[in-house]
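To start, the structure itself, in C-alpha cells.
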Protein chains: 2
Amino acid sequence: MTTETSHPSVAAVRSTEEQYVEVIGLLEEQNSPVGTAPIAENMQLAMPSVSEMLKRLADKGLVTHAPYEGASLSEKGRMLFANVIRRHRLWEVFLTQHLGMSWHNVYEHACRLEHGTLEPVTARLGSFLGNPEYCPHGSPIPGADGTWPPSQGQPLLEMPIGSEYQIVRILQENDADCLTFLFERDVMIGTVVRLMDIASYDGTVSLDVSGKPVAMGTRVASRLRVTPIVEMRGNASGEST
Amino acid sequence: MTTETSHPSVAAVRSTEEQYVEVIGLLEEQNSPVGTAPIAENMQLAMPSVSEMLKRLADKGLVTHAPYEGASLSEKGRMLFANVIRRHRLWEVFLTQHLGMSWHNVYEHACRLEHGTLEPVTARLGSFLGNPEYCPHGSPIPGADGTWPPSQGQPLLEMPIGSEYQIVRILQENDADCLTFLFERDVMIGTVVRLMDIASYDGTVSLDVSGKPVAMGTRVASRLRVTPIVEMRGNASGEST
DNA sequence: TCAAGAAATTAGGCATTCCTAAATCTCATG
DNA sequence: CATGAGATTTAGGAATGCCTAATTTCTTGA
Ligand SMILES: [Mn+2]
Ligand SMILES: [Mn+2]
Ligand SMILES: [Mn+2]
Ligand SMILES: [Mn+2]
C-alpha cells in the first residue's frame with residue numbers, strides 16, 4: 001500500500017514526515033488547528049520550510065491544510081500519530097525503567113529511537129514492558145490498535161487552594177528545560193504538593209513540596225495535572241467503608 | 001568538532017554515512033580494499049551512487065579511496081565503524097535475549113535502531129545487557145573504548161572431516177536468506193555438528209546435526225566458524241587436571 | 001476604516017542522496 | 001600486444017528538505 005520509494009537507507013524520508021506528524025499531533029492537543037509558527041518553533045525550522053512541508057503532507061493525505069488556516073491531522077494522520085506516539089512512549093518507559101535514565105531527558109532519545117522501530121519490535125517491546133498505559137510523564141500510550149487510555153489528572157491551576165494533590169502528569173514533555181526546572185525542585189510524577197497560593201498580580205504559583213516551598217510561573221504551573229489527595233482524618237491506612 | 005548542520009531532523013545525514021561505513025567495514029573483513037560493486041550490491045544501490053558517496057566519505061576523512069582501487073576505512077572511519085557495530089550488536093542482543101526475537105532476523109531491526117542511538121543510551125544499554133562480548137551471531141562487540149574482543153572459531157571447511165564441532169559464529173549476518181536457510185536446518189550458534197563430507201566435485205558439505213543429515217553449498221558452509229569438541233573417553237564431566 | 005504588525009506563503013537557492021546513460025579504465029587472454 | 005568484458009567513474013537529472021528574502025494575507029486597534 002505504502003508507496004515504497006527505492007530508498008534503502010534507513011527510513012530517511014519517512015522519519016521526517018513522522019516527526020512532523022508527531023509535532024502537529026502534540027500541538028493540536030493544545031489548540032487545533034495548528035499554525036505554521038508553532039510547528040516551526042517546536043522543530044527549530046524556518047517557517048517556509050514548514051509551510052512547504054504542510055503542503056506535501058496535505059498531498060499525502062496526512063493533514064488538512066488550507067492556506068493561512070493552519071493544519072490538522074487527517075484520519076490517516078491521526079492513525080500514524082497514535083502509532084508514533086506509541087513507539088515513542090514505550091521507549092520512554094524502557095529508557096527510564098530498564099536503563100535507569102531520568103524522566104526529564106528521555107524525550108529526545110525516544111524521539112530518535114521511535115523512527116527506527118518497526119512493528120515487530122514495537123509489539124514485542126510493548127509486551128516486554130507489560131503494555132504500560134502511561135509514559136514516565138503521565139501521558140497516555142496508545143494501544144497496538146490505536147486506542148488511547150483515558151487522560152489522567154486535572155489542571156493544578158483549577159484546583160482549590162490549600163489542599164494537597166498528587167502530580168500525575170506533566171504536559172509538554174518535549175520541553176527539556178521545563179522538565180529540568182521541575183526535576184531540580186523535586187516536582188515529578190507521584191510527588192504530593194500542597195497548593196499554597198496563586199498570586200493575583202502575575203499568577204505566580206507557590207507550592208509546598210514535603211515542607212519545602214517551591215515557586216513557579218503560570219506557564220510552567222499550567223502544565224501540571226494532578227489528582228486530589230483524600231485527606232485522612234485519624235485513619236492512617238487507606239481502608240474505606 | 002563535528003560540523004553540525006542546522007538539520008534538526010533526526011540525524012538524517014549522519015545515518016546514511018554511518019550505514020556506508022558499517023557496510024564498508026563489514027565487507028573489508030572479507031577482503032580489503034572493498035570495490036564499489038560489493039558495496040552497491042550490499043546496499044541495493046546503483047554503482048554511481050556508491051562511487052559518488054565514496055568520494056564524499058574520502059573528503060570527510062572516513063575512507064581512503066583512489067579511483068578504480070576500492071575503498072578502505074581510515075583510522076577515523078574505523079573508529080566510527082567500531083562504534084556503529086557496538087550499537088548494532090548490543091541491540092541485537094537486546095532484541096533476541098529480552099524481546100525474544102530470532103537471531104536470523106534481528107539484523108535489520110538493529111540496523112535501524114543503531115542510527116538513532118546516542119552515547120548515553122549505548123552506555124546504559126551495554127550495562128543493562130551485562131556488557132556482552134559477542135552478538136547472537138557470534139561476532140565480537142567492541143567495547144565502549146573501541147577495542148574488539150578476540151574473534152571466535154575457525155573456518156569449518158578447514159577442519160578435519162569426521163569430527164564434531166560446535167558452531168560459535170556465523171559470518172555475513174546481514175544475509176537474512178542465508179541465516180534463514182541455516183535456521184530452518186537447526187544450524188545455529190551452539191549447535192554441535194559432525195563434518196561428514198566435503199564433496200571433491202563441487203565442494204558440497206554434508207553435516208550431521210544431532211542425527212539429521214544437512215547439506216549445504218560451499219558459499220554457505222564457508223561462513224561457519226567452529227570450535228572443536230573434545231571427544232570424551234569415559235569421562236562424562238568436563239574436568240581437567 | 002485603515003494602517004501597522006503578525007502570520008503565512010512564494011520565489012529562488014542550496015546540500016544531500018539517489019538514478020540512468022554514457023564514457024573510461026583495468027585486466028586477462030588470445 | 002590488441003581487445004572485449006567487467007568494473008568504475010562522469011555527466012546530467014530528480015526528489016527531499018532546508019534556508020533567506022520578498023510578498024501576500026490576516027488581524028487589530030487607532
Ligand atoms: Mn521523533
Ligand atoms: Mn512521555
Ligand atoms: Mn544500520
Ligand atoms: Mn550479529
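The chains referred to below are lettered A, B, ... by the order of the sequence lines, with proteins before strands, and numbering in each begins at 1.
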Result for 5'-nearest mapping on DNA chain C, choosing between A:Pro67 and B:Val50, is A:Pro67
Here the distance between atom P of D:dG17 and atom CD of A:Glu18, to the nearest Å, is 12 Å
(request) Give a yes/no answer on whether the side chain of B:Arg56 brings an N or O atom under 4.0 Å of OP1 or OP2 in C:dT17. (result) yes
Atom CE of A:Met53 and atom P of C:dA8 are separated, to the nearest Å, by 17 Å
Note to self: OP1 or OP2 of D:dC19 versus the side-chain N and O atoms of A:Ser49: is any pair under 4.0 Å?
What the structure shows: yes
Quick note, salt bridge (Lys or Arg N to Asp or Glu O under 4.0 Å) partners involving residues 81-93 of chain B, not counting sequence neighbours, are B:Glu18-B:Arg87, B:Arg89-B:Glu173
B:Glu17 atom CD is separated from C:dT17 atom P, nearest whole Å, by 6 Å
Taking D:dC18, D:dT9, C:dC18 as options, the one with an atom nearest any side-chain atom of B:His65 is D:dT9
On DNA chain D, more 5' by nearest nucleotide between A:Tyr68 and A:Met47 is A:Met47
Item to check | Face-on cation placement of A:Arg185 at A:Phe183 ring, 6.0 Å and 45° thresholds | outcome: no
Separation of C:dA7 atom C1' from A:Asn31 atom CG, nearest Å, is 14 Å
query: How would you label the contact of B:Ala37 with the nucleic acid (heavy atoms, under 4.0 Å): base, sugar-phosphate, or nothing?
result: sugar-phosphate
Is the distance between the ring centroids of B:Phe94 and A:Phe128 less than 6.0 Å?
yes
Winner on side-chain proximity to B:Tyr20, out of C:dC18, D:dT8, C:dT20, is C:dC18
Rounded to whole Å, the CD-C1' distance (B:Gln44 to C:dC19) equals 15 Å
Closest to the side chain of B:Thr16, out of D:dG17, C:dC18, D:dC19, is C:dC18
Q) Is a side-chain donor-acceptor pair under 3.5 Å present for A:Arg112 with B:Thr117? A) no
Which of C:dT9, C:dT10, D:dT20 is nearest the side chain of A:Lys55? It is C:dT10
Rounded to whole Å, the CG-P distance (B:Leu45 to C:dC18) equals 5 Å
Rounded to whole Å, the CD-P distance (B:Glu41 to D:dA7) equals 11 Å
*Are the ring centres of A:His88 and A:Tyr107 closer than 6.0 Å?*
yes
note: A:Glu69, atom CD; C:dA8, atom P; distance rounded to Å ~ 11 Å
The nucleotide from C:dT26, C:dA7, D:dT10 with an atom nearest the side chain of B:Pro48 is D:dT10
Taking for B:Glu52 and for B:Thr36 the nucleotide of DNA chain D with the nearest heavy atom, the one nearer the 5' end belongs to B:Thr36
